[in-house]
Undergrad: 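I am attaching a structure below and will ask some questions about it afterwards.
Order of the sequence lines fixes the chain letters, A, B, ..., with proteins taken first and strands second; residue numbering starts at 1 for each chain.
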Amino acid sequence: MKKYLCLGCGFSYDEARGLPEHGIAPGTRWANIPEDWVCPDCGTPKSGFEMVEIPYYAEARPA
Amino acid sequence: MSVRFILRAGERGYSYLPAVGLNASYVAGHPDGVITRHSSFNFHEYQSGIPGLGVMKVFGDETFTPNGTGYNMHPHHNFIIMAFVASGALTHINTIGKIDELKANDYYVFSAGSGGKHSELNIGEEELQVIYVWVLPGQLLAPPSYRRSRFDPKAGANRITCLVGDEPGALPIGQTFKVSRLLSDGGRRHVYRPAKANGFYAFVLEGDPHAARQHCAGRRGHGRDRGPH
(Lines give C-alpha, C1' and ligand atoms only; values in the text may rest on other atoms or scores of the structure.)
Protein backbone atom coordinates (compact mmCIF):
# COMPACT_ATOMS: atom_id res chain seq x y z
CA MET A 1 0.00 0.00 0.00
CA LYS A 2 1.43 3.38 -1.02
CA LYS A 3 0.68 7.06 -0.47
CA TYR A 4 0.92 9.41 -3.38
CA LEU A 5 0.85 13.14 -4.06
CA CYS A 6 -0.14 14.44 -7.50
CA LEU A 7 1.92 17.37 -8.77
CA GLY A 8 -1.16 18.89 -10.42
CA CYS A 9 -2.91 20.56 -7.49
CA GLY A 10 -1.41 18.57 -4.62
CA PHE A 11 -4.21 16.00 -4.28
CA SER A 12 -3.07 12.95 -2.34
CA TYR A 13 -4.12 9.31 -2.56
CA ASP A 14 -3.61 6.65 0.10
CA GLU A 15 -4.17 3.13 -1.27
CA ALA A 16 -4.98 1.79 2.21
CA ARG A 17 -7.72 4.37 2.80
CA GLY A 18 -9.07 4.66 -0.74
CA LEU A 19 -11.56 7.46 -1.34
CA PRO A 20 -14.91 5.99 -0.19
CA GLU A 21 -16.56 9.41 -0.50
CA HIS A 22 -15.63 9.37 -4.20
CA GLY A 23 -16.55 5.72 -4.79
CA ILE A 24 -13.09 4.18 -4.40
CA ALA A 25 -12.91 1.39 -1.80
CA PRO A 26 -10.13 1.24 0.81
CA GLY A 27 -7.28 -0.96 -0.42
CA THR A 28 -7.64 0.03 -4.08
CA ARG A 29 -4.26 0.28 -5.79
CA TRP A 30 -3.67 3.47 -7.74
CA ALA A 31 -3.08 1.32 -10.82
CA ASN A 32 -6.58 -0.16 -10.49
CA ILE A 33 -8.46 3.14 -10.42
CA PRO A 34 -10.44 3.51 -13.68
CA GLU A 35 -8.85 5.60 -16.43
CA ASP A 36 -11.94 7.84 -16.64
CA TRP A 37 -11.62 8.88 -12.99
CA VAL A 38 -10.87 12.60 -12.50
CA CYS A 39 -9.36 14.53 -9.59
CA PRO A 40 -12.12 15.67 -7.19
CA ASP A 41 -10.17 18.90 -6.60
CA CYS A 42 -9.04 20.10 -10.02
CA GLY A 43 -10.73 17.82 -12.58
CA THR A 44 -7.51 16.47 -14.11
CA PRO A 45 -8.11 13.00 -15.62
CA LYS A 46 -6.16 10.05 -14.19
CA SER A 47 -3.87 10.03 -17.24
CA GLY A 48 -2.76 13.57 -16.32
CA PHE A 49 -1.74 12.74 -12.76
CA GLU A 50 1.95 12.94 -11.91
CA MET A 51 2.30 10.89 -8.74
CA VAL A 52 5.17 11.02 -6.27
CA GLU A 53 5.36 8.92 -3.08
CA ILE A 54 5.47 10.92 0.13
CA PRO A 55 4.80 10.17 3.85
CA TYR A 56 2.06 11.65 6.03
CA TYR A 57 2.61 14.49 8.48
CA ALA A 58 2.22 12.28 11.58
CA GLU A 59 4.46 9.51 10.20
CA ALA A 60 7.26 11.90 9.28
CA ARG A 61 7.46 13.55 12.69
CA PRO A 62 10.52 12.54 14.67
CA ALA A 63 9.79 9.94 17.37
CA MET B 1 24.53 13.90 -11.80
CA SER B 2 24.81 17.64 -12.08
CA VAL B 3 23.08 19.53 -14.88
CA ARG B 4 23.86 23.15 -15.61
CA PHE B 5 21.49 25.22 -17.66
CA ILE B 6 20.56 28.74 -18.65
CA LEU B 7 16.94 29.64 -19.33
CA ARG B 8 16.69 32.79 -21.40
CA ALA B 9 13.62 35.01 -21.08
CA GLY B 10 12.01 33.74 -24.30
CA GLU B 11 12.78 30.07 -23.62
CA ARG B 12 10.55 29.76 -20.59
CA GLY B 13 7.11 28.17 -20.75
CA TYR B 14 4.47 30.73 -21.65
CA SER B 15 0.77 30.82 -20.75
CA TYR B 16 -1.69 33.51 -21.81
CA LEU B 17 -4.77 33.23 -19.61
CA PRO B 18 -7.62 35.57 -20.60
CA ALA B 19 -10.61 35.92 -18.28
CA VAL B 20 -12.94 34.70 -21.03
CA GLY B 21 -13.43 31.43 -22.90
CA LEU B 22 -12.05 28.17 -21.48
CA ASN B 23 -10.49 29.92 -18.49
CA ALA B 24 -13.59 31.93 -17.55
CA SER B 25 -14.27 29.99 -14.34
CA TYR B 26 -10.61 29.95 -13.31
CA VAL B 27 -9.50 33.47 -14.24
CA ALA B 28 -11.38 36.38 -12.71
CA GLY B 29 -11.71 39.77 -14.31
CA HIS B 30 -13.45 41.89 -16.94
CA PRO B 31 -13.38 40.59 -20.54
CA ASP B 32 -10.04 42.28 -21.27
CA GLY B 33 -8.43 40.91 -18.11
CA VAL B 34 -5.50 38.59 -18.68
CA ILE B 35 -2.79 36.80 -16.71
CA THR B 36 0.48 36.08 -18.49
CA ARG B 37 2.80 33.47 -17.00
CA HIS B 38 6.39 32.77 -17.94
CA SER B 39 7.33 29.47 -16.34
CA SER B 40 10.93 28.55 -15.62
CA PHE B 41 9.48 25.34 -14.15
CA ASN B 42 5.99 23.90 -14.29
CA PHE B 43 4.15 20.55 -14.24
CA HIS B 44 2.30 18.14 -16.56
CA GLU B 45 0.09 19.78 -19.20
CA TYR B 46 1.37 23.17 -18.14
CA GLN B 47 4.96 22.10 -18.71
CA SER B 48 6.94 23.60 -21.54
CA GLY B 49 10.18 24.36 -19.72
CA ILE B 50 12.27 22.20 -17.39
CA PRO B 51 10.19 19.83 -15.20
CA GLY B 52 11.08 21.21 -11.79
CA LEU B 53 14.30 21.47 -9.86
CA GLY B 54 14.45 19.28 -6.78
CA VAL B 55 11.44 19.96 -4.55
CA MET B 56 10.60 23.12 -6.53
CA LYS B 57 7.98 22.17 -9.12
CA VAL B 58 6.76 25.61 -10.22
CA PHE B 59 8.55 28.90 -10.77
CA GLY B 60 6.21 31.31 -12.54
CA ASP B 61 6.88 34.95 -13.39
CA GLU B 62 3.32 36.29 -13.74
CA THR B 63 1.63 39.55 -14.72
CA PHE B 64 -2.02 40.38 -13.90
CA THR B 65 -3.79 43.23 -15.66
CA PRO B 66 -5.50 45.69 -13.25
CA ASN B 67 -9.07 46.17 -12.05
CA GLY B 68 -10.00 42.69 -10.92
CA THR B 69 -7.87 40.16 -12.81
CA GLY B 70 -6.72 37.07 -10.95
CA TYR B 71 -7.33 33.46 -10.02
CA ASN B 72 -10.76 32.66 -8.62
CA MET B 73 -11.03 30.56 -5.45
CA HIS B 74 -9.57 27.10 -6.21
CA PRO B 75 -8.43 24.16 -4.07
CA HIS B 76 -5.03 22.70 -3.29
CA HIS B 77 -3.67 20.02 -1.05
CA ASN B 78 -0.15 19.65 0.28
CA PHE B 79 1.80 22.04 -1.94
CA ILE B 80 3.66 24.92 -0.30
CA ILE B 81 2.82 27.93 -2.48
CA MET B 82 4.76 31.18 -2.23
CA ALA B 83 4.17 34.55 -3.85
CA PHE B 84 6.79 37.31 -4.10
CA VAL B 85 5.34 40.63 -5.25
CA ALA B 86 7.63 42.59 -7.59
CA SER B 87 5.27 45.49 -8.35
CA GLY B 88 1.63 46.42 -7.93
CA ALA B 89 -0.62 45.01 -5.21
CA LEU B 90 -1.76 41.40 -4.71
CA THR B 91 -4.95 40.56 -2.83
CA HIS B 92 -4.73 37.04 -1.39
CA ILE B 93 -7.81 35.35 0.11
CA ASN B 94 -7.65 31.87 1.65
CA THR B 95 -9.85 29.41 3.50
CA ILE B 96 -7.64 29.56 6.59
CA GLY B 97 -9.49 32.86 7.02
CA LYS B 98 -6.89 35.31 5.81
CA ILE B 99 -7.58 38.24 3.51
CA ASP B 100 -4.30 39.98 2.80
CA GLU B 101 -2.89 42.67 0.56
CA LEU B 102 0.75 42.42 -0.47
CA LYS B 103 2.73 45.16 -2.19
CA ALA B 104 6.18 45.31 -3.77
CA ASN B 105 8.75 43.38 -1.68
CA ASP B 106 6.02 41.62 0.36
CA TYR B 107 5.76 37.85 0.14
CA TYR B 108 3.73 35.02 1.60
CA VAL B 109 4.02 31.27 2.20
CA PHE B 110 0.71 29.38 1.95
CA SER B 111 1.01 25.72 2.88
CA ALA B 112 -2.14 23.97 1.63
CA GLY B 113 -1.47 20.86 3.73
CA SER B 114 -4.62 18.85 4.45
CA GLY B 115 -6.61 21.17 2.18
CA GLY B 116 -7.09 24.84 1.47
CA LYS B 117 -8.50 27.13 -1.19
CA HIS B 118 -7.15 30.47 -2.28
CA SER B 119 -7.86 33.34 -4.62
CA GLU B 120 -5.23 35.69 -6.03
CA LEU B 121 -6.48 39.02 -7.34
CA ASN B 122 -5.24 42.33 -8.69
CA ILE B 123 -7.99 44.73 -7.63
CA GLY B 124 -5.69 47.75 -7.96
CA GLU B 125 -5.29 50.14 -10.86
CA GLU B 126 -1.72 49.14 -11.71
CA GLU B 127 -0.36 46.02 -13.32
CA LEU B 128 0.69 43.35 -10.81
CA GLN B 129 3.97 41.49 -11.23
CA VAL B 130 4.43 38.49 -8.96
CA ILE B 131 6.61 35.39 -8.83
CA TYR B 132 4.94 32.16 -7.72
CA VAL B 133 6.99 29.25 -6.44
CA TRP B 134 5.53 25.83 -5.57
CA VAL B 135 7.46 23.42 -3.39
CA LEU B 136 6.68 19.82 -2.49
CA PRO B 137 6.05 19.39 1.23
CA GLY B 138 8.16 17.01 3.31
CA GLN B 139 4.95 15.40 4.60
CA LEU B 140 1.39 14.93 3.38
CA LEU B 141 -1.65 16.50 5.05
CA ALA B 142 0.10 18.84 7.48
CA PRO B 143 -2.18 21.52 9.01
CA PRO B 144 -2.70 24.33 6.46
CA SER B 145 -0.91 27.58 7.26
CA TYR B 146 -0.34 31.10 5.96
CA ARG B 147 2.48 33.47 6.85
CA ARG B 148 3.68 36.68 5.28
CA SER B 149 6.80 38.76 5.50
CA ARG B 150 8.62 41.55 3.72
CA PHE B 151 11.97 42.06 2.06
CA ASP B 152 13.34 45.37 3.34
CA PRO B 153 15.15 46.96 0.39
CA LYS B 154 17.21 49.24 2.69
CA ALA B 155 18.36 46.63 5.20
CA GLY B 156 18.70 44.07 2.41
CA ALA B 157 20.70 46.22 -0.01
CA ASN B 158 23.92 44.70 -1.35
CA ARG B 159 23.61 41.47 0.59
CA ILE B 160 22.01 38.14 -0.10
CA THR B 161 18.95 37.96 2.18
CA CYS B 162 17.20 34.67 2.96
CA LEU B 163 13.41 35.13 2.62
CA VAL B 164 12.22 31.54 3.00
CA GLY B 165 14.04 28.67 4.69
CA ASP B 166 15.79 27.67 7.86
CA GLU B 167 17.61 30.93 8.64
CA PRO B 168 16.99 33.70 11.20
CA GLY B 169 14.45 36.25 9.92
CA ALA B 170 13.21 33.97 7.11
CA LEU B 171 9.88 32.10 6.94
CA PRO B 172 10.51 28.40 7.73
CA ILE B 173 8.76 25.75 5.58
CA GLY B 174 10.09 22.47 6.98
CA GLN B 175 11.75 21.57 3.71
CA THR B 176 15.34 21.57 2.45
CA PHE B 177 14.67 24.61 0.31
CA LYS B 178 15.54 28.29 0.49
CA VAL B 179 14.59 31.44 -1.35
CA SER B 180 17.06 34.31 -1.14
CA ARG B 181 17.06 37.72 -2.73
CA LEU B 182 19.81 40.12 -3.74
CA LEU B 183 19.25 43.80 -4.51
CA SER B 184 22.63 45.15 -5.60
CA ASP B 185 23.78 48.63 -6.51
CA GLY B 186 26.13 46.96 -8.97
CA GLY B 187 29.89 46.96 -9.28
CA ARG B 188 30.11 44.40 -6.49
CA ARG B 189 30.72 40.71 -6.25
CA HIS B 190 28.25 38.64 -4.23
CA VAL B 191 28.90 35.00 -3.38
CA TYR B 192 26.14 32.47 -2.69
CA ARG B 193 27.22 28.98 -1.69
CA PRO B 194 24.44 26.36 -1.78
CA ALA B 195 24.89 23.25 0.37
CA LYS B 196 26.96 20.72 -1.56
CA ALA B 197 24.08 18.28 -2.07
CA ASN B 198 21.73 21.00 -3.33
CA GLY B 199 21.15 22.59 -6.68
CA PHE B 200 20.31 26.22 -7.19
CA TYR B 201 18.38 28.45 -9.54
CA ALA B 202 19.21 32.15 -9.89
CA PHE B 203 16.56 34.31 -11.53
CA VAL B 204 17.40 37.82 -12.69
CA LEU B 205 14.36 40.04 -12.22
CA GLU B 206 15.94 43.31 -13.35
CA GLY B 207 19.33 44.51 -14.49
CA ASP B 208 22.25 42.95 -16.27
CA PRO B 209 24.48 41.03 -13.87
CA HIS B 210 26.96 38.27 -14.49
CA ALA B 211 25.57 35.36 -12.51
CA ALA B 212 28.02 32.56 -11.69
CA ARG B 213 30.33 33.75 -14.47
CA GLN B 214 27.45 33.42 -16.91
CA HIS B 215 26.07 36.54 -18.45
CA CYS B 216 22.42 36.77 -17.40
CA ALA B 217 20.30 39.70 -18.56
CA GLY B 218 16.92 40.61 -17.06
CA ARG B 219 14.30 37.89 -16.52
CA ARG B 220 16.66 35.05 -17.26
CA GLY B 221 17.53 32.17 -15.02
CA HIS B 222 20.70 30.25 -14.42
CA GLY B 223 20.70 26.98 -12.53
CA ARG B 224 22.35 23.78 -11.52
CA ASP B 225 20.26 20.70 -10.83
CA ARG B 226 21.84 18.11 -8.55
CA GLY B 227 19.49 15.23 -9.45
CA PRO B 228 18.12 12.62 -9.15
CA HIS B 229 14.76 13.67 -7.69
Undergrad: List the atom of B/Pro137, the atom of A/Leu5, and the distance in Å for their closest heavy-atom pair.
TA: CD-CD2, 3.9 Å
Undergrad: How far apart are the C-alpha atoms of B/Val58 and A/Leu7, what are their side-chain angles, what is the distance that settles it, and do they pass the side chain to side chain contact (heavy atoms under 4.5 Å, CB included) test?
TA: CA-CA 10 Å; B/Val58 171; A/Leu7 300 182; over 6 Å; no
Undergrad: Assess whether atom CG of B/Asp166 is packed by more than 12 heavy atoms of other residues, nucleotides or ligands within 6.0 Å.
TA: no
Undergrad: Nearest heavy-atom pair of B/Gly138 and A/Ile54: which atoms, and what distance?
TA: O-CG1, 4.1 Å
Undergrad: According to ring pair (Phe, Tyr, Trp, His ring centres under 6.0 Å), who are the partners of B/Tyr132, at least two apart in sequence or on a separate chain?
TA: none
Undergrad: Given that the side chain runs from C-beta out, which part of B/Ala112 has a heavy atom under 4.5 Å from chain A: side chain, backbone, both or neither?
TA: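 Contact with chain A is absent: no heavy atom of B/Ala112 under 4.5 Å.
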Undergrad: Measure B/His74 against the heavy atoms of chain A and call it side chain, backbone, both or neither at under 4.5 Å.
TA: neither
Undergrad: Counting neighbours of CG on A/Leu19 that are heavy atoms of other residues, nucleotides or ligands and sit closer than 6.0 Å, is the number greater than 12?
TA: yes
Undergrad: Check each atom of B/Leu136 against the heavy atoms of chain A and say whether the ones under 4.5 Å are side chain, backbone, both or neither.
TA: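 Answer is side chain: those atoms of B/Leu136 sit under 4.5 Å from chain A.
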Undergrad: So which residues of residues 85-102 of chain B are in contact with chain A at a heavy-atom cut-off of under 4.5 Å?
TA: none
Undergrad: Heavy-atom count check: over 12 atoms from other residues, nucleotides or ligands less than 6.0 Å from A/Lys46 NZ?
TA: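 Yes, the 6.0 Å shell around NZ holds more than 12 heavy atoms from other groups.
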Undergrad: The test is side chain to side chain contact (heavy atoms under 4.5 Å, CB included); show your working for A/Asp41 and B/His77 and say whether it passes.
TA: CA-CA 9 Å; A/Asp41 271 10; B/His77 283 86; 2.5 Å; yes
Undergrad: Please report the interatomic distance CZ(B/Phe79) to SG(A/Cys6), rounded to the nearest 0.5 Å.
TA: 7.5 Å
Undergrad: How long is the gap from CG on B/Asn78 to CZ on A/Phe11, to the nearest 0.5 Å?
TA: 9.5 Å
Undergrad: Looking at B/Pro75 and A/Cys9, what are the two nearest heavy atoms and their distance?
TA: O-CB, 4.1 Å
